[in-house]
Colleague: 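This is the structure I have questions about; it appears just below.
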Amino acid sequence: MSVAGVPPDIAQLTGPVVIGFAAQWGLFGCSSVQLYLYYLNFPKDTVKLKTLVYGLYILDFAQTLLVTAFVFHMLGSGWGNVNILESVGLSWLALPFFNAISGTIVQCFYAWRIYTLSKSIPLAVVIVLLALCEGTSGLAFSIILETRVPTFADLQSQTFVVTTVCLMSSACCDILISLSMVYLLNRARRESAFGRTEQLVTRLIRLIVGGGILTASFAILDAVFLLAYQNNNYHLAPNSALAKLYTNALMVLLNSRAQFRSNNGNVVTYTFEGESGQKMSRATSGLASMPALDRARIGNGQGIAVDVTVDSTTTYPDSYPMGRFDKRNTDEEFGPVKRGDEF
């Protein structure tokens, strides 16, 4: 039933905004939980890594506030005003600007990680170039949106090229990162002689592939909605989630270092070399089995050294003789880190 003065396609204008608003706060809650877990588990991470994590969270928080202000202006204080409903408002700053910054930062971090794993400069450079292409085109998109696009109806005609470059370079970068990490981690898994390292690497592969596919899919979906559907706001729904998907994917990957379990579910105790070279302790529990030495060699033969210690009070089953494990090395990280390679 149509109402006088209300556009007949009102749901196409307001529905995606509401969905994007809900996604913003939902993903912000997820990143808040991930940040709390990171704070508890990795107090001795390097200053650079902490700056990355907390900086991304601050960007997420700022974006959430801006999106909330934009939605409130459109559906709250501006309710009933068709001109405000069609206006881009604060979306030029809240969405493409923060998406470009967060996405570029996370992708460049993955490029550095891939370099430490493979020592391949060309591969890392390609990923960085794609990330910078996304970032610069995203910032250009934001500026064009503010200066040349008064309403969403003019969005496609004014930003076709820059939008295509931004979203497609983002999707290509995410896919390249996923494929590179899967190849490198699979190579590490094949070179490992023990099941625990294989399980860890499999877990990392699932996290990386899942995060890469998710962010690439949302970027492609955003591009399709923006370029194929005129005079509506369908693209705002996937676009609202992009920055926070990047942040959550990175935080989940970093937090996956926190705790690893043995095959029977008992928690294994780890004291491992953090990226700063400082030891970081984990809580101790019963141990049913542990490999004495498990090293996966990657790239030029250097691996992450992880010191594993077992408390002398650890309980062993009767069939397993008490043994002493002192500073045994195993790979429980993302790749080789040397003192000169620290992040």
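On a predicted model such as this, the values are computed, not experimentally measured, just so you know.
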Colleague: Identify the residue among Asn233, Leu227, Asn232 that makes a side-chain contact (heavy atoms from CB on, under 4.5 Å) with Tyr229.
Modeller: Asn232

Colleague: Kindly indicate, with the supporting measurements, whether the criterion side-chain hydrogen bond (donor to acceptor under 3.5 Å, both in side chains) is fulfilled by Gln63 and Asn99.
Modeller: CA-CA 9 Å; Gln63 185 189 42; Asn99 290 347; 3.2 Å; yes

Colleague: Would the distance check show the side chain of Asn239 and the main-chain N or O of Asp222 forming a donor-acceptor pair, the cut-off being under 3.5 Å?
Modeller: no

Colleague: Inspect the surroundings of OH in Tyr54 and state if more than 12 heavy atoms from other residues, nucleotides or ligands are less than 6.0 Å away.
Modeller: yes

Colleague: Crowded around Phe97 CZ? As in, over 12 foreign heavy atoms under 6.0 Å?
Modeller: no

Colleague: Side chains of Trp92 and Thr147 only: does a donor on one sit below 3.5 Å from an acceptor on the other?
Modeller: no

Colleague: Are more than 12 heavy atoms from other residues, nucleotides or ligands located less than 6.0 Å from atom CD1 of Ile121?
Modeller: no

Colleague: Are Phe21 and Leu75 packed together at the side-chain level, in the sense that at least one heavy-atom pair is separated by less than 4.5 angstrom?
Modeller: no

Colleague: What is the minimum heavy-atom distance between Val182 and Val209, and which atoms define it?
Modeller: CG2-CG2, 3.1 Å

Colleague: Do side-chain atoms of Ser142 reach the backbone of Pro96 as a donor and acceptor pair under 3.5 angstrom?
Modeller: no

Colleague: For the backbone of Phe160 and the side chain of Thr163, can you confirm whether one donor and one acceptor N or O come within less than 3.5 Å of each other?
Modeller: no

Colleague: Indicate if Leu37 and Met251 have the same hydrophobic cluster label, given that clusters are the connected sets of ILVMFWY residues with side-chain heavy-atom separations under 4.5 angstrom.
Modeller: no

Colleague: Considering non-hydrogen atoms only, spot the tightest contact between Ala100 and Leu139 and give its length.
Modeller: CB-N, 4.1 Å

Colleague: When you compare the side chains of Asp154 and Thr151, does any donor N or O come within less than 3.5 Å of an acceptor on the partner?
Modeller: yes

Colleague: Examine Val33 and Leu207 and state if one hydrophobic cluster contains both, with Ile, Leu, Val, Met, Phe, Trp and Tyr joined whenever side-chain heavy atoms are less than 4.5 Å apart.
Modeller: no

Colleague: Please check this pair: side chain of Thr46 against backbone of Leu49, looking for a donor-acceptor N/O pair closer than 3.5 Å.
Modeller: yes

Colleague: Can you name the residues that form a side-chain contact (heavy atoms from CB on, under 4.5 Å) with Ala124, not counting sequence neighbours?
Modeller: Tyr115

Colleague: Measure from the side-chain N and O atoms of Asn248 to the backbone N and O of Leu27, and report whether any donor-acceptor pair falls under 3.5 Å.
Modeller: yes

Colleague: Is Val88 reachable from Phe72 through a run of I, L, V, M, F, W or Y residues, each pair having side-chain heavy atoms under 4.5 Å apart?
Modeller: no

Colleague: Check whether any side-chain heavy atom of Phe42 sits under 4.5 Å from a side-chain heavy atom of Asn255, and report yes or no.
Modeller: yes

Colleague: Shortest non-hydrogen contact from Phe218 to Ala241?
Modeller: CE2-CB, 4.0 Å

Colleague: Examine Leu130 and Tyr183 and state if one hydrophobic cluster contains both, with Ile, Leu, Val, Met, Phe, Trp and Tyr joined whenever side-chain heavy atoms are less than 4.5 Å apart.
Modeller: yes

Colleague: Just by modelled atom types, is the Gln24 backbone N or O under 3.5 Å from a matching donor or acceptor in the Lys244 side chain?
Modeller: no

Colleague: Can you find a heavy atom in the side chain of Met181 that is under 4.5 Å from one in the side chain of Ile205?
Modeller: no

Colleague: Return yes if some donor-acceptor pair links the side-chain N/O of Ser118 with the main-chain N/O of Ile114 below 3.5 Å, else return no.
Modeller: yes

Colleague: With a 4.5 Å heavy-atom cut-off, do Leu242 and Leu167 have their side chains touching?
Modeller: yes

Colleague: Looking only at heavy atoms, what is the nearest atom pair of Ala223 and Met168, with distance?
Modeller: CB-CE, 3.6 Å

Colleague: Between Leu117 and Arg187, which heavy-atom pair has the shortest distance, and what is it?
Modeller: O-NH2, 4.2 Å

Colleague: Can you name the ring-ring contact (aromatic ring centres under 6.0 Å, His included) partners of Tyr57, sequence neighbours left out?
Modeller: Phe28

Colleague: Going by heavy atoms in the side chains, are Phe225 and Pro16 under 4.5 Å from each other?
Modeller: no

Colleague: Do side-chain atoms of Asp45 reach the backbone of Lys50 as a donor and acceptor pair under 3.5 angstrom?
Modeller: no

Colleague: I'd like to know if Phe109 and Leu179 are part of one continuous hydrophobic network [Ile/Leu/Val/Met/Phe/Trp/Tyr, side-chain heavy atoms within less than 4.5 Å].
Modeller: no

Colleague: Side chains of Leu155 and Phe141, heavy atoms from C-beta outward: is any pair under 4.5 Å?
Modeller: yes

Colleague: Judged by atom type as modelled, is there a donor-acceptor pair below 3.5 Å linking the side chain of Thr136 to the main-chain atoms of Cys133?
Modeller: yes

Colleague: In the structure I gave you, are the side-chain heavy atoms of Gln107 and Ser170 within less than 4.5 Å of one another anywhere?
Modeller: yes

Colleague: Before you tell me yes or no, could you show the steps for Tyr110 and Asp174 under side-chain hydrogen bond (donor to acceptor under 3.5 Å, both in side chains), namely the whole-Å CA-CA distance, both residues' side-chain angles and the distance that decides it to 0.1 Å?
Modeller: CA-CA 9 Å; Tyr110 280 122; Asp174 293 337; over 6 Å; no

